[in-house]
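As structure tokens, the structure follows; a few thoughts come after it.
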Amino acid sequence: MTRILLIPGLVCDAHVWDATQHALDDLPISVADVTTQASIPDMAHDLLARHGGPLVVVGHSMGGRVAMEMARMAPERIRAMALLNTGMHPRKDGEQAKRQSMIDLAYAQGMDGLAQAWLPGMMAEGLTPDPAVMNGLTRMVCRMTPEIHERQMRALMDRPDASATIGAYTAPLLLMVGRQDQWSPIAQHEAIAQLCPQARLEIIEDAGHFAPVEQPAAVAGLLAGWVRSLKPLIQEATQ
């Protein structure tokens with residue numbers, strides 16, 4: 001049986017997928033744990049080992065990087081892939097110093113301090129964040145530790161270039177991005193779509209980098225409809 005695997009991003013957990021899990025609660029679904037591994041390939045390898053059989057992988061932000069690496073490692077097991085608020089490029093010039101400053105901040109001010117400094121820039125640019133959304137995300141970040149944050153940040157600094165993986169990927173692909181995502185803008189998703197002609201690109205209005213939490217109904221509705229549309233293809237592939 002094909003399982004849907006939801007992969008969270010940097011210092012994120014199942015909170016990001018609350019609405020999606022509710023929308024797909026009649027299907028086999030799991031939320032990945034990517035808090036212990038030291039690299040994107042390690043995360044991908046571990047998730048493939050933990051979750052056997054065919055998979056539909058859904059990755060948000062860093063989770064999208066992990067999903068693409070899983071598709072590179074085991075293309076025969078990945079029946080379909082959805083990538084939200086992510087990118088395929090390797091580390092950019094100047095990125096390491098910026099990430100190191102956030103690592104230092106988490107150790108100096110704790111995870112609450114990190115949340116206060118980091119989360120506002122992840123919200124939809126030009127819109128006033130919903131206090132309930134911010135509170136939920138802050139609580140999520142504070143469930144993590146500076147050590148988890150550092151481990152994931154270093155994994156992102158050393159992330160693979162996924163362009164060749166996307167260029168070779170032929171299974172169904174759904175791309176989603178917030179209209180006002182400042183961190184992983186629309187252009188990054190358009191670049192993925194250019195390498196993967198079967199990709200479907202959906203832009204979520206009034207959303208930034210945390211589109212699944214900022215606009216949960218819109219994201220969960222699109223994901224649920226897409227997953228259900230895959231049923232004939234998945235059943236055919238597993239017969």
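If you read the sequence from its start, that first residue is 1, and numbering goes on from there.
Residues Lys231 and Leu27 meet the side-chain proximity criterion, which asks for heavy atoms closer than 4.5 Å. Contact of the Leu47 side chain with the Val57 side chain is not registered, since no non-hydrogen atoms from C-beta on lie closer than 4.5 Å. Arg200 has its side chain within reach of Trp226: a pair of non-hydrogen atoms, C-beta onward, lies under 4.5 Å apart. Two residues are said to be in side-chain contact when any heavy atoms from C-beta on lie closer than 4.5 Å; Pro160 and Pro41 meet this criterion.
Relative orientation of the His60 and His209 rings is tilted, given thresholds of 30° and 60° on the angle between their planes.
Residue Phe210 forms a side-chain contact (heavy atoms from CB on, under 4.5 Å) with just one option from Met134, Met122, Gln215, and that option is Met122.
In this view, Ala74 and Leu48, Glu76, Arg77 satisfy the side chain to side chain contact (heavy atoms under 4.5 Å, CB included) rule, not counting sequence neighbours. For Arg99, the salt bridge (charged side-chain N to carboxylate O under 4.0 Å, His left out) partners two or more places apart in sequence, or in a different chain, are Glu95. For Asp26, the salt bridge (charged side-chain N to carboxylate O under 4.0 Å, His left out) partners two or more places apart in sequence, or in a different chain, are Arg228. The side chain to side chain contact (heavy atoms under 4.5 Å, CB included) check on His15 picks up Asp13, Asp18, Leu137, Met140, Arg143, Val213, with sequence neighbours excluded. A search for side chain to side chain contact (heavy atoms under 4.5 Å, CB included) contacts involving Ile29 returns Ile4, Leu6, Gln21, Leu24, not counting sequence neighbours. His149 is linked by a side chain to side chain contact (heavy atoms under 4.5 Å, CB included) to Leu10, Val11, Met102, Ile103, Ala106, Met111, Leu114, Met153, counting only residues two or more places apart in sequence or in another chain.
When every heavy atom of Ala32 is checked against every heavy atom of Pro8, the shortest pair comes out as O-CD, 3.5 Å. What you find for Ile7 and Trp17 is that their closest heavy atoms are O-CZ2, 3.4 Å. The shortest heavy-atom contact between Val219 and Ile204 is CG2-CG1, 4.1 Å. What you find for Pro185 and Val177 is that their closest heavy atoms are C-CG2, 4.1 Å. Contact detail for Ala193 and Ala199: the closest heavy-atom pair is CA-CB, 4.1 Å. When all heavy atoms are compared, the tightest approach of Gly9 to Ser61 is CA-CB, 4.4 Å.
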Using residues 64-71 as the side-chain source, report each donor-acceptor pair under 3.5 Å to any protein atom, sequence neighbours left out, with the distance given to one decimal.
{"from": "Arg65", "atom 1": "NE", "to": "Gly87", "atom 2": "O", "distance (Å)": "3.1"}
{"from": "Arg65", "atom 1": "NH1", "to": "Gly87", "atom 2": "O", "distance (Å)": "3.1"}
{"from": "Arg65", "atom 1": "NH1", "to": "Met88", "atom 2": "O", "distance (Å)": "3.4"}
{"from": "Arg65", "atom 1": "NH1", "to": "His89", "atom 2": "O", "distance (Å)": "2.6"}
{"from": "Arg65", "atom 1": "NH2", "to": "His89", "atom 2": "O", "distance (Å)": "3.2"}
{"from": "Arg65", "atom 1": "NH2", "to": "His89", "atom 2": "NE2", "distance (Å)": "3.4"}
{"from": "Glu69", "atom 1": "OE1", "to": "Arg72", "atom 2": "NE", "distance (Å)": "3.2"}
{"from": "Glu69", "atom 1": "OE2", "to": "Arg72", "atom 2": "NE", "distance (Å)": "3.1"}
{"from": "Glu69", "atom 1": "OE2", "to": "Arg72", "atom 2": "NH2", "distance (Å)": "2.8"}

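Distance check, rounded to the nearest 0.5 Å: CG of Leu55 to OG1 of Thr2 gives 8.0 Å. A distance of 12.5 Å separates CD of Gln194 from CD1 of Ile166, quoted to the nearest 0.5 Å. Note that CZ of Arg159 is 12.0 Å distant from CE of Met43, once rounded to the nearest 0.5 Å. Summarising the geometry, atom OG belonging to Ser184 is positioned 14.5 Å from atom CE belonging to Met176; distances are rounded to the nearest 0.5 Å. The distance from atom OG1 of Thr20 to atom CG of Asp25, rounded to the nearest 0.5 Å, is 11.5 Å. Residue Thr86 holds its OG1 atom at 6.0 Å from NE2 of His189, rounded to the nearest 0.5 Å.
No side-chain donor-acceptor contact under 3.5 Å links Arg79 to the backbone of Val56. Not one N or O on the side chain of Asp206 forms a donor-acceptor pair closer than 3.5 Å with the backbone of Ala124. With hydrogens and angles ignored, the 3.5 Å screen pairs no side-chain donor or acceptor of Gln96 with any backbone N or O of Arg91. Counting only distance, with no hydrogens or angles, the side chain of Gln180 and the backbone of Met123 share no donor-acceptor pair below 3.5 Å.
With 3.5 Å as the limit, one finds a donor-acceptor pair spanning the side chains of Arg154 and Gln100.
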- request: Could you give me the CA-CA distance, side-chain angles and deciding distance for Trp118 and Leu105, then say whether side chain to side chain contact (heavy atoms under 4.5 Å, CB included) is met?
  value: CA-CA 10 Å; Trp118 177 60; Leu105 187 151; over 6 Å; no
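Sorted by first and then second residue, the pairs that involve residues 163-178 and meet side chain to side chain donor-acceptor pair (under 3.5 Å), not counting sequence neighbours, are Asp161-Ser163. Each side chain to side chain donor-acceptor pair (under 3.5 Å) pair with one or both residues in residues 122-141, not counting sequence neighbours, would appear here, but there are none. The salt bridge (charged side-chain N to carboxylate O under 4.0 Å, His left out) analysis of residues 37-49, with sequence neighbours excluded, yields the pairs Asp46-Arg50. Residue pairs meeting the ring-ring contact (aromatic ring centres under 6.0 Å, His included) criterion with at least one member in residues 32-52, sequence neighbours excluded, do not occur. Here salt bridge (charged side-chain N to carboxylate O under 4.0 Å, His left out) pairs that include residues 166-183, with residues two or more places apart or in two chains, are Arg179-Glu205.
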